[in-house]
Protein chains: 2
Amino acid sequence: MQVQVFNPAQVIAGRRTCMAELALGVFVPGFSMTFSRNEEIFGEEEAAEFVYKVLSGVVRTTRLLDDGRRQIVAFHMPGDVFGLEVGPTHRFSAEAVGCCELALVRRTVLDKTTQNDPAAWRAVWTLTALDLERMQDHMVLLGRKTAAEKVEAFLADMSARAPASDGVELPMSRTDIADYLGLTIETVSRILSQMEREHRIARATSRHVVLCDRRLLQAAA
Amino acid sequence: MQVQVFNPAQVIAGRRTCMAELALGVFVPGFSMTFSRNEEIFGEEEAAEFVYKVLSGVVRTTRLLDDGRRQIVAFHMPGDVFGLEVGPTHRFSAEAVGCCELALVRRTVLDKTTQNDPAAWRAVWTLTALDLERMQDHMVLLGRKTAAEKVEAFLADMSARAPASDGVELPMSRTDIADYLGLTIETVSRILSQMEREHRIARATSRHVVLCDRRLLQAAA
DNA sequence: CGTTGCATTGAAATCCCTCAAGCGAGGTGG
DNA sequence: CCACCTCGCTTGAGGGATTTCAATGCAACG
């Protein structure tokens with residue numbers, strides 16, 4: 001997949017300043033930016049200068065192996081914060097799944113905010129800890145679930161996080177889904193087709209899925 | 001596997017009070033306890049009353065699926081902290097891999113410490129964030145690596161975290177290794193045998209492995 | 001010396017991947 | 001407006017990595 005590269009230094013001119021509520025009750029000055037489809041937000045090993053919050057659209061964070069194998073570590077939906085690191089550099093890359101708008105906050109600014117504010121620290125910790133919980137759940141999926149179970153869990157999760165008026169609108173490609181679930185695009189496609197044959201889902205378009213199965217809907221709630 | 005159950009309320013009598021350095025520079029009053037092989041430290045859904053630090057031995061945290069499939073989320077080595085939750089309950093169970101000694105700190109005591117101390121909060125956040133980093137690395141392994149790569153990565157990791165005088169002393173069973181790597185015991189065993197045939201490792205006993213391969217040793221460092 | 005638990009090994013089966021082709025929507029240029 | 005291309009998705013056939021099932025080995029222990 002072709003990925004455009006974004007260099008923050010060049011684009012600062014196009015920023016719009018704003019106050020971002022990074023976590024519950026923690027407001028910090030930052031600015032917002034838009035990214036187009038597949039545009040790189042930051043890359044692996046890059047200096048972690050900013051913390052990001054999704055205002056609209058979806059972001060994926062990914063890890064690449066030398067031979068091209070890719071694992072999507074997370075999808076970030078509106079309201080989600082990402083890019084906060086312990087060390088000085090990012091440990092994976094982030095790209096816009098579709099066109100999206102982000103709030104950027106300088107790491108140094110965030111540090112200054114939390115320096116004397118335990119409540120702000122608790123809020124930041126909660127963000128990270130909730131992220132950790134999500135990762136742990138996903139590890140069980142990656143390590144111990146079958147392809148069918150993976151896709152079902154994914155649909156249920158997306159249905160909960162990005163509900164459309166009628167069913168789920170999947171913002172990402174089959175390749176993204178596969179790299180998130182540890183599968184191939186073909187397997188994802190086949191399982192969706194089979195679920196449709198069994199009337200457990202219906203498809204308006206390839207990206208718009210309606211959940212019909214009782215169990216799926218329950219898992220989504 | 002048979003798992004004994006531990007009920008903290010019954011055992012408080014046997015505790016020894018101590019000051020635990022939960023995170024760098026953060027000392028809190030707690031007490032220490034010992035657990036025997038396969039003894040349950042806490043269970044899924046249980047109230048998260050304590051935070052734990054490994055003093056000696058190894059602990060595994062696991063998630064169980066209804067049909068018995070198991071995923072080991074992490075192994076905790078001496079110095080590691082585990083059991084700290086956002087919500088009121090534990091999200092997985094923890095068991096002693098072998099006989100081990102833990103420091104227990106009441107969650108309420110930790111909360112009181114961090115309440116007015118941003119530095120303590122930063123330390124706690126760092127613990128959680130480093131945990132998150134480890135989980136993210138492990139997700140790539142689970143989702144995108146072959147069985148051979150998984151075992152190699154595991155040996156390298158254990159070699160770095162639990163180095164023996166000569167090679168690696170694996171404290172956990174093949175079942176534990178398999179459930180950590182998303183494989184079966186048979187596959188783990190076969191790959192170790194194959195690595196031995198190729199003189200990439202040597203085995204003193206089934207639990208004591210010596211790394212011979214250049215690449216493995218490099219990965220361990 | 002039998003039992004028990006853990007580890008290894010083999011043979012067969014299965015799930016998922018790889019390779020390859022076809023399909024359909026959307027965009028571009030003649 | 002239609003031919004043509006591209007890109008993402010689907011489908012099929014075959015193969016391979018890993019699991020499953022089953023048996024054996026081996027060390028510790030009573």
Side-chain angles (χ1 to χ4, degrees), chain A residues 1-4 36-38 60 65 67-71 97-98 141-152 154-155 169-198 201-209, chain B residues 1-4 36-38 60 65 67-71 97-99 141-152 154-155 168-198 201-209:
Chain A
M1 183 177 309
Q2 202 52 39
V3 173
Q4 291 97 351
S36 52
R37 201 165 84 94
N38 290 334
R60 62 173 177 260
L65 269 53
D67 60 353
R69 281 176 291 177
R70 190 179 72 149
Q71 176 69 41
V97 168
L141 179 145
L142 289 173
R144 282 291 176 233
K145 294 198 177 173
T146 65
E149 290 172 324
K150 285 178 177 181
V151 173
E152 286 169 26
F154 178 73
L155 288 179
E169 189 71 34
L170 301 174
M172 68 290 285
S173 69
R174 295 289 186 268
T175 306
D176 282 347
I177 298 175
D179 285 346
Y180 181 59
L181 299 177
L183 299 171
T184 59
I185 38 172
E186 293 95 330
T187 301
V188 172
S189 183
R190 266 186 267 267
I191 285 170
L192 287 172
S193 297
Q194 193 187 337
M195 289 177 77
E196 190 175 32
R197 272 196 303 276
E198 294 166 353
I201 61 170
R203 282 186 283 187
T205 72
S206 68
R207 301 265 182 122
H208 189 121
V209 177
Chain B
M1 184 177 309
Q2 202 52 39
V3 173
Q4 290 97 350
S36 52
R37 202 165 81 94
N38 290 334
R60 61 173 180 259
L65 270 54
D67 61 354
R69 281 176 291 177
R70 188 179 74 150
Q71 176 68 42
V97 169
C99 177
L141 179 144
L142 289 173
R144 283 292 177 232
K145 294 198 177 174
T146 64
E149 290 172 324
K150 286 177 178 182
V151 173
E152 286 169 25
F154 178 73
L155 289 179
V168 199
E169 189 71 34
L170 301 174
M172 68 289 286
S173 69
R174 295 288 186 268
T175 306
D176 281 347
I177 298 175
D179 285 347
Y180 182 59
L181 300 177
L183 299 171
T184 59
I185 39 172
E186 292 96 330
T187 301
V188 172
S189 183
R190 267 187 266 268
I191 285 169
L192 287 172
S193 298
Q194 193 185 338
M195 289 176 77
E196 190 176 32
R197 272 197 303 275
E198 295 166 353
I201 61 170
R203 283 186 284 187
T205 72
S206 68
R207 300 265 181 122
H208 189 120
V209 178

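In what follows, chains are A, B, ... by sequence order, proteins preceding strands, each numbered from 1.
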Nucleotides 7-24 of chain C: protein proximity per nucleotide (B base, S sugar-phosphate only, - neither; heavy atom, under 4.0 Å): SBBBB----SBBB-----
Report the residues that fulfil side chain to side chain donor-acceptor pair (under 3.5 Å) with A:Arg144, sequence neighbours left out, ordered by chain and then residue number. B:Asp179
Listed by chain and number, what are the salt bridge (Lys or Arg N to Asp or Glu O under 4.0 Å) partners of A:Arg69, not counting sequence neighbours? A:Asp67, B:Glu149
For A:Arg207, enumerate each residue passing the side chain to side chain donor-acceptor pair (under 3.5 Å) test, keeping only those at least two apart in sequence or located in another chain. none
A:Ser206: which residues meet the side chain to side chain donor-acceptor pair (under 3.5 Å) condition with it, sequence neighbours left out? none
By salt bridge (Lys or Arg N to Asp or Glu O under 4.0 Å) - contacts of A:Arg190 (at least two apart): none
Can you measure A:Arg37 atom CZ to C:dG27 atom C1' for me and round it to whole angstrom units? 13 Å
When rounded to whole Å, the NE2 to C1' distance for the pair A:His208 and D:dC9 reads 17 Å
How many Å lie between CG on A:Asn38 and C1' on D:dG8, as a whole number? 12 Å
